[in-house]
Amino acid sequence: MGAAHSSTSTSHSSTLTDSVYSNCIAAAFPFKSLSKSFNSHIKFIPTHQNFQIHLQKPIKTMSQPSQFVPLKCGKVEEFETQEEFSARPALDFHGIDKKLVDKIVYDALVWSSLHGLVVGDKSVQASSLSFTFRRLFPGSKNWGGYQDLMSTDKRSGKVPGVGMVHAPFALLPMPFPESRWKQACELAPIFSELFDRVSLDAKFLQDSLSRTKKADNFTSRLLDIHSKMLELNKKEEIRLGLHRSDYMLDEQTKLLLQIEMNTISSSFAGLSCLVSELHRTLLNHYGEQLGLESKRIPGNASVSQFAGAMAKAWMEYNNPRSVVMVVVQAEERNIVRKTLAEIDGEGELLADGTLCVGGQEIAIVYFRAGYTPNDYPSESEWRARLLMEQSSAIKCPSISYHLAGSKKIQQELAKPNVLERFLDNKEDIAKLRKCFAGLWSLDDSDVIGKAIERPQLFVMKPQREGGGNNIYGDGVKETLIRLQKEGKEEDAAYILMQRIFPTAFPTLLLRDGICHKDNAISELGIFGAYLRNKDKVIINEQCGYLMRTKISSSDEGGVAAGFAVLDSLYLT
């Protein structure tokens, strides 16, 4: 999930289009009628056969709390404990009756099915689907044609509606201090303004990433596209940013510390608002028994606000016949638009800069893919990226926004006096600095020595998005020693970050219909939308949130990878 354990994967979130549709379904099926309507049509296996509560060993607090809070790059400073928060959840998970948990789990899974809190299930096998077809339609003469459709082992993600499973989620919300929630929301528009200004400073981007360019081929290719846009004097007059800033709450200092700023494929706007709605619904029905109040869960309109920002950007483009194109990975579990390879084959750039794909004029390109080297297996994908960047279509993100969100830029912005290059308001600058964790480049020998000596207090981050890329523990020590011995430029491909240790709470996690009980930590992501047309700022606002919760004993934290679940927060 982030600096504390790992970056949570951004793959396979709900899309705007799919989420708007699922919201319509949600309105049509109110919760109170779920069990009655389902049971009248479908026979269920008894609850106790569907769900297993895995009781773990007694919960322990984390064994390695952070020992310092380096607020300035390159300098380790002792901390004083900040104001105290209500650190314990209002709910004693050890005391919940198992039958009550079974009821809540059952209702939660039914609600998820009816309200679109689902993703494609790639484990669905052709054999099980064929059995279902034969059972539902015995003697069907269409079996031959249906069998032809099932020539591949796994069809989920290729055929709409085939093989859906509930998204992994926490059964109940995670406690979180209300003051830190408000702080994170207040930071959203400041960060959006900052990154817009950073994106316009071509020299800062190129200079900051110059060493990284030599060590990391992926960053180098992105910088090459950026350089070509500079040569063409290409201006992005309409700029749309759909961002997400991720934070963790450090256990000892109680400081809200930023993990990273996502400027490309800021995932889970669609599913996160559904989880918040699910938790409020569950507390409306079971809150009295649990001792929890639904009103303590903040409202979350992330999908509608992101969709609204995209709609306003489309209006600024000002062609009612133009369309929004979503760029996706191959065999994506979201049923959406075009891959980079398809855009290379179908796209063309008209003389006036208009981008057309498949004969349709593109107003907005939203990148659900393109953030990892795996998305560019050939030159075809790079040609598509360059084609789109050269066009007059609104890119979300543009190449400069993409580069501005890199780990190296995050580290550069945390240096003394750098924020003043982009922002004038001293109060805003102070608010941003207060949430910066320790960040260093690998040319800082003093910090490298400390990281080798105590690697458990650091995270090593490459210039990658999407989760599963960070280095922890002994891996930090081993990698740093190797880089020192080799003396190559490879160290420029990484940054070092302070490892954050949030408070762990006992939590109930649902994945594949099974309820697990474990000790877990959470990461808060705040969505922000920014839309500007030349000198006019049209939108700059906080747009809901994402809470991800994962088992505290695991370094990895990807939702899609199976380590984390979606969650909401309960304000304390």
Side-chain angles (χ1 to χ4, degrees), residues 1-11 60 62-70 73-74 76 211-212 214-219 246 248 250-251 257-260 262 371-374 406-408 410-411 414 437-502 504 518-523 548 550-564:
M1 279 175 33
H5 287 260
S6 75
S7 294
T8 303
S9 172
T10 57
S11 299
K60 297 180 180 180
M62 301 191 68
S63 58
Q64 297 179 347
S66 58
Q67 300 300 309
F68 58 87
V69 178
C73 289
V76 177
R211 286 192 69 237
T212 306
K214 299 176 183 178
D216 185 86
N217 185 61
F218 179 62
T219 302
D246 294 335
M248 278 186 171
D250 186 66
E251 180 179 21
L257 299 179
Q258 187 188 45
I259 297 164
E260 64 181 354
N262 299 277
Y371 54 84
T372 167
N374 297 333
S406 64
K407 304 296 188 297
K408 181 61 180 176
Q410 180 187 7
Q411 180 251 311
L439 292 156
W440 306 270
S441 65
L442 267 62
D443 58 4
D444 189 324
S445 59
D446 182 56
V447 173
I448 296 304
K450 288 182 172 62
I452 291 175
E453 181 182 353
R454 305 182 72 183
Q456 71 276 11
L457 300 181
F458 296 84
V459 180
M460 203 168 168
K461 291 188 169 187
Q463 306 301 314
R464 293 290 181 272
E465 302 296 334
N469 301 302
N470 297 338
I471 302 172
Y472 302 89
D474 289 339
V476 172
K477 178 179 179 179
E478 294 165 2
T479 305
L480 290 175
I481 292 174
R482 176 180 64 80
L483 292 175
Q484 284 186 329
K485 288 181 178 179
E486 294 177 353
K488 297 180 180 179
E489 292 280 352
E490 186 186 347
D491 63 349
Y494 298 90
I495 67 165
L496 269 177
M497 186 173 187
Q498 166 195 352
R499 188 165 182 172
I500 306 167
F501 294 91
D518 215 319
N519 206 21
I521 59 174
S522 292
E523 177 179 319
R548 286 165 294 179
K550 66 148 198 150
I551 296 172
S552 60
S553 60
S554 171
D555 281 340
E556 293 300 331
V559 173
F563 299 99

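- With rounding to the nearest 0.5 Å, the separation of CG in L257 from CG in L439 is 10.0 Å.
- L496 CG to I471 CD1: the interatomic distance, rounded to the nearest 0.5 Å, is 9.5 Å.
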Verdict with reasoning, V476 to R499, per side chain to side chain contact (heavy atoms under 4.5 Å, CB included)
CA-CA 12 Å; V476 172; R499 188 165 182 172; over 6 Å; no

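- Put simply, CD on Q463 and OH on Y494 are 10.0 Å apart, with the number rounded to the nearest 0.5 Å.
- Taking 4.5 Å as the limit, some side-chain heavy atom of I452 sits within range of a side-chain heavy atom of Q484.
- Residues E490 and R482 form a side-chain contact, since some pair of their non-hydrogen atoms from C-beta on lies under 4.5 Å apart.
- When all heavy atoms are compared, the tightest approach of R464 to K407 is O-NZ, 2.7 Å.
- Among all heavy-atom pairs drawn from I521 and S552, the shortest one is CG2-CB, 3.9 Å.
- A distance of 9.0 Å separates CD1 of I495 from CG of N470, quoted to the nearest 0.5 Å.
- Residues E486 and D491 are not in side-chain contact: their nearest non-hydrogen atoms beyond the backbone lie 4.5 Å or more apart.
- A437 approaches Q258 most closely through the heavy-atom pair CB-O, 4.0 Å.
- Taken from OG1 in T212 to CD in Q411, the straight-line distance is 8.5 Å, to the nearest 0.5 Å.
- Looking at L442 and L480, their side chains come closer than 4.5 Å, going by heavy atoms from C-beta outward.
- Here the closest heavy-atom approach between residue G473 and residue P455 is recorded as O-CB, 3.1 Å.
- M497 CE to F458 CZ: the interatomic distance, rounded to the nearest 0.5 Å, is 12.0 Å.
- Side-chain contact between M248 and D250 is absent, with no heavy atoms from C-beta onward closer than 4.5 Å.
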